[in-house]
Amino acid sequence: LAARRGHEVDLYEKGPFLGGLIPVAAIVKDLETFALNQYARYLITQLRKEGVKVHKKTEVTRELIQREKPDALVIATGAAHSRTDLEGADSSKLLETEKLHNMLKFFLRFFSSAQLQKLSKLWMPVGKSVVVMGGILHGCELAEFLVKRRRRVAIAHDGPKEELGDQMTIDDLDNLWPWFKQNHVPIWSGVKYQKIIKEGLQIQLKDHRVYILRGRHIADTQDWEADRKSIDAFNGLVPETYVIGSCKEPGLIVDAVKDGAMTGLKI
């Protein structure tokens with residue numbers, strides 16, 4: 001949008017392909033896989049049509065910005081991943097979102113999202129039993145993805161029952177809850193995560209009862225935060241600086257798209 005309005009725009013991407021987490025999300029989204037990939041291709045086509053200079057495999061540094069001397073800087077690096085301080089988090093049982101994303105991004109160099117989705121039904125580096133930490137959109141979608149790949153899954157959410165499925169549509173939830181029940185997915189809400197142990201995830205209920213949710217792996221879907229490292233690194237370099245999308249506040253794809261569009265019209 002900034003280029004369409006007459007600005008000379010350079011887009012820098014640290015990785016080998018554009019689209020950020022859209023191709024990664026497309027692997028998990030099942031029925032939306034085709035639509036998400038089509039959307040990413042549409043955006044890439046528009047970049048080409050509007051004459052945006054794209055620099056892939058290029059990490060932006062302070063020196064690069066000082067050399068290019070842009071009139072405006074847009075920081076859209078996406079969310080950062082925090083590390084849980086839960087006891088036992090250093091165990092190989094913990095599946096961190098960042099590691100999973102990096103693994104998928106590596107394979108996306110050789111396969112499409114649709115191909116990886118099919119291949120994941122044959123093999124995945126995930127145990128046969130998984131405890132998912134987090135019961136809102138990311139946790140529920142990951143749980144559904146794993147169940148469809150014959151994993152035994154339990155969901156543990158450290159918020160109230162009313163938060164379960166948050167950010168998902170009503171139609172999706174109306175189908176998902178009976179499907180989880182049919183596929184024997186226990187859902188625990190209002191829990192306190194205590195520690196990761198050999199048997200799985202130890203939790204505590206509000207009445208102080210302690211349970212162990214058994215699983216070969218523990219998947220943390222709540223390790224998202226603003227990318228303060230990138231924001232702070234470029235602070236003060238360009239007077240007109242915008243921080244947008246999940247880099248500013250972790251959210252949904254639609255939130256990042258809106259933020260980018262509004263910023264493109266504002267510059």
Side-chain angles (χ1 to χ4, degrees), residues 1-29 32 35-82 97-102 104-106 108-109 113 137-138 167 221-267:
L1 284 171
R4 186 173 294 171
R5 296 179 65 240
H7 296 291
E8 184 180 329
V9 182
D10 285 78
L11 176 66
Y12 288 86
E13 166 56 47
K14 184 170 65 173
F17 59 84
L18 299 178
L21 287 178
I22 290 180
V24 175
I27 298 171
V28 180
K29 294 281 188 179
E32 299 170 47
L36 281 173
N37 283 322
Q38 282 289 86
Y39 180 61
R41 283 194 285 270
Y42 163 79
L43 291 178
I44 293 168
T45 300
Q46 300 314 303
L47 292 178
R48 186 168 57 251
K49 286 184 175 181
E50 300 298 341
V52 175
K53 297 177 184 176
V54 177
H55 310 264
K56 290 187 283 190
K57 298 182 181 179
T58 306
E59 184 172 1
V60 175
T61 61
R62 290 181 66 90
E63 291 73 26
L64 186 150
I65 295 173
Q66 289 167 341
R67 184 176 67 248
E68 295 297 325
K69 298 182 175 62
D71 298 309
L73 171 67
V74 181
I75 306 174
T77 54
H81 297 279
S82 60
T97 306
E98 184 175 21
K99 288 183 179 179
L100 289 173
H101 284 177
N102 288 340
L104 290 172
K105 284 180 178 179
F106 173 78
L108 280 168
R109 297 181 183 185
S113 299
L137 181 141
H138 299 300
Q167 300 176 329
T221 65
Q222 299 176 311
D223 54 348
W224 299 87
E225 63 182 13
D227 187 4
R228 293 303 320 174
K229 183 178 179 181
S230 294
I231 297 171
D232 294 342
F234 306 129
N235 184 42
L237 284 179
V238 181
E240 188 176 351
T241 295
Y242 303 89
V243 181
I244 68 173
S246 292
C247 174
K248 178 178 63 178
E249 182 179 356
L252 304 177
I253 293 173
V254 66
D255 300 320
V257 170
K258 179 182 177 181
D259 221 0
M262 296 301 292
T263 303
L265 294 172
K266 187 187 300 182
I267 294 175

Can you tell me how far apart [atom1] ([X]) and [atom2] ([Y]) are? Round to the nearest 0.5 Å.
| X | Y | atom1 | atom2 | result |
| --- | --- | --- | --- | --- |
| Lys266 | Leu1 | NZ | CG | 13.0 Å |
| Lys248 | Ile75 | NZ | CD1 | 11.5 Å |
| Thr77 | Tyr12 | OG1 | OH | 16.0 Å |
| Ile44 | Gln46 | CD1 | CD | 11.0 Å |
| Ile267 | Met262 | CD1 | CE | 12.5 Å |

Residue list, side-chain contact (heavy atoms from CB on, under 4.5 Å) with [X], at least two apart or on another chain:
| X | value |
| --- | --- |
| Lys14 | Glu59 |
| Gln38 | Phe34, Arg41 |
| Leu237 | Arg62, Ile65, Gln66, Phe234 |
| Leu43 | Tyr39 |

Which residues pass the salt bridge (charged side-chain N to carboxylate O under 4.0 Å, His left out) test with [X], not counting sequence neighbours?
| X | result |
| --- | --- |
| Arg228 | Asp232 |
| Lys105 | none |
| Lys53 | Glu8 |
| Glu240 | none |

List in chain and number order the residues that pass side chain to side chain donor-acceptor pair (under 3.5 Å) with [X], two or more places apart in sequence or in another chain; answer none if no residue qualifies.
| X | result |
| --- | --- |
| Asp223 | Thr97 |
| Asp10 | His55 |
| Thr221 | none |
| Glu13 | none |

Looking only at non-hydrogen atoms, find the nearest pair between [X] and [Y] and report the distance.
| X | Y | answer |
| --- | --- | --- |
| Val9 | Ala3 | CG2-N, 3.7 Å |
| Asp227 | Gly78 | CB-O, 3.5 Å |
| Pro250 | Ala79 | CG-CB, 4.2 Å |
| Gly260 | Ile244 | CA-CD1, 3.8 Å |

Is there a donor-acceptor pair closer than 3.5 Å between any side-chain N or O of [X] and the backbone N or O of [Y]?
| X | Y | answer |
| --- | --- | --- |
| Asp255 | Leu252 | yes |
| Asp259 | Gly245 | yes |
| Arg5 | Leu265 | yes |
| Ser113 | Pro23 | yes |

Exercise for the section: Taking the side chain as every heavy atom from C-beta outward, state whether Leu64 and Thr58 have any atom pair closer than 4.5 Å. Expected result: yes
Problem - Minimum side-chain heavy-atom gap Val60-Leu73 below 4.5 Å - result: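 Side-chain contact under 4.5 Å: no.
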Practice task
I would like to know whether Leu36 and Ile253 meet side chain to side chain contact (heavy atoms under 4.5 Å, CB included); could you show each step before the answer?
Solution key: CA-CA 10 Å; Leu36 281 173; Ile253 293 173; 4.1 Å; yes
Handout entry: Atom CD of Gln167: over 12 foreign heavy atoms under 6.0 Å
Key =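 Buried by this count: over 12 neighbours within 6.0 Å.
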Practice task
Look at the rings of His81 and Trp224 and say which category their plane angle falls in: under 30° parallel, 30 to 60° tilted, over 60° perpendicular.
Solution key: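 Because their plane-to-plane angle lies in the 30° to 60° range, the rings of His81 and Trp224 count as tilted.
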